[in-house]
Amino acid sequence: MIENVKPKFDTTIDFELNTKFVGKAYGVPSENGVKAIKMLAELEGLFLCPVYTSKAMAGLIEYIKENKIKKDETIVFIHTGGMPLVHAYYNLYE
């Protein structure tokens, strides 16, 4: 039964859900997301999808710039894919 399942992770960790970086709508690249796409492509050779991953990275970049994430903190950013969308939005990568 699902009621009896106990999580195997620390449920006391706080997290923040911030929708500021979603942009206008699903499937519509955001300005900061496009900036994140270009920055990571140029600096790291890493391509981000413009629908999800670039918006999340834009949020991470802003949090770092605003010092909400400190230099000594460890961050794990999970790039979940989205490679087919890179081709659908090819004009963003020019």
Side-chain angles (χ1 to χ4, degrees):
M1 296 241 165
I2 292 179
E3 312 69 67
N4 297 329
V5 175
K6 298 205 187 308
K8 295 182 180 181
F9 53 88
D10 185 352
T11 59
T12 63
I13 297 173
D14 290 331
F15 69 94
E16 178 180 331
L17 178 62
N18 186 333
T19 59
K20 174 182 174 183
F21 306 100
V22 172
K24 293 179 183 176
Y26 175 81
V28 178
S30 68
E31 181 180 339
N32 287 336
V34 172
K35 289 178 184 177
I37 287 170
K38 292 179 180 181
M39 176 191 286
L40 263 65
E42 290 174 8
L43 297 176
E44 301 294 335
L46 182 65
F47 290 92
L48 304 175
C49 106
V51 176
Y52 291 118
T53 317
S54 66
K55 294 175 182 184
M57 181 58 71
L60 177 61
I61 291 167
E62 184 171 310
Y63 273 36
I64 292 168
K65 286 180 179 178
E66 292 178 352
N67 210 27
K68 289 182 180 180
I69 296 173
K70 310 291 185 232
K71 286 185 176 187
D72 62 343
E73 289 182 288
T74 300
I75 302 299
V76 176
F77 185 90
I78 300 174
H79 187 315
T80 58
M83 285 311 294
L85 293 172
V86 169
H87 302 291
Y89 294 87
Y90 68 90
N91 58 321
L92 295 177
Y93 302 91
E94 297 181 288

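These numbers come from a predicted model, not from an experiment.
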Undergrad: Are Met57 and Val28 in one and the same hydrophobic cluster, where Ile, Leu, Val, Met, Phe, Trp and Tyr link if side-chain heavy atoms are under 4.5 Å apart?
TA: no
Undergrad: So, His79 side chain and Phe47 main chain: donor-acceptor pair closer than 3.5 Å or not?
TA: yes
Undergrad: Please check if the side chain of Ser54 supplies one atom and the backbone of Ile37 the other of a donor-acceptor pair under 3.5 Å.
TA: no
Undergrad: Lys35 vs Met39, test: side-chain contact (heavy atoms from CB on, under 4.5 Å). Steps then yes/no.
TA: CA-CA 6 Å; Lys35 289 178 184 177; Met39 176 191 286; over 6 Å; no
Undergrad: Which donor-acceptor pairs under 3.5 Å do the side chains of residues 59-69 make with protein atoms, sequence neighbours left out?
TA:
| from | atom 1 | to | atom 2 | distance (Å) |
| --- | --- | --- | --- | --- |
| Glu62 | OE2 | Lys20 | NZ | 2.4 |
| Tyr63 | OH | Glu16 | OE2 | 2.4 |
| Tyr63 | OH | Asn18 | ND2 | 3.0 |

Undergrad: First locate atom OG1 of Thr19, then atom CZ of Phe21, and finally report the distance between them rounded to the nearest 0.5 Å.
TA: 9.5 Å
Undergrad: Between Lys55 and Ser30, what is the shortest heavy-atom contact and its length?
TA: CG-OG, 3.7 Å
Undergrad: Rounded to the nearest 0.5 Å, what separation is found between the CG atom of Leu46 and the CZ atom of Phe77?
TA: 8.5 Å
Undergrad: Tell me, which pairs form a salt bridge (charged side-chain N to carboxylate O under 4.0 Å, His left out) where one or both residues lie in residues 42-53, sequence neighbours left out?
TA: none
Undergrad: Who passes ring pair (Phe, Tyr, Trp, His ring centres under 6.0 Å) against Tyr52, sequence neighbours left out?
TA: Tyr26
Undergrad: What do you reckon, is CD1 of Ile78 surrounded by more than 12 foreign heavy atoms closer than 6.0 Å?
TA: no
Undergrad: Going from CG on Leu43 to NZ on Lys38, what distance comes out if it is rounded to the nearest 0.5 angstrom?
TA: 13.5 Å
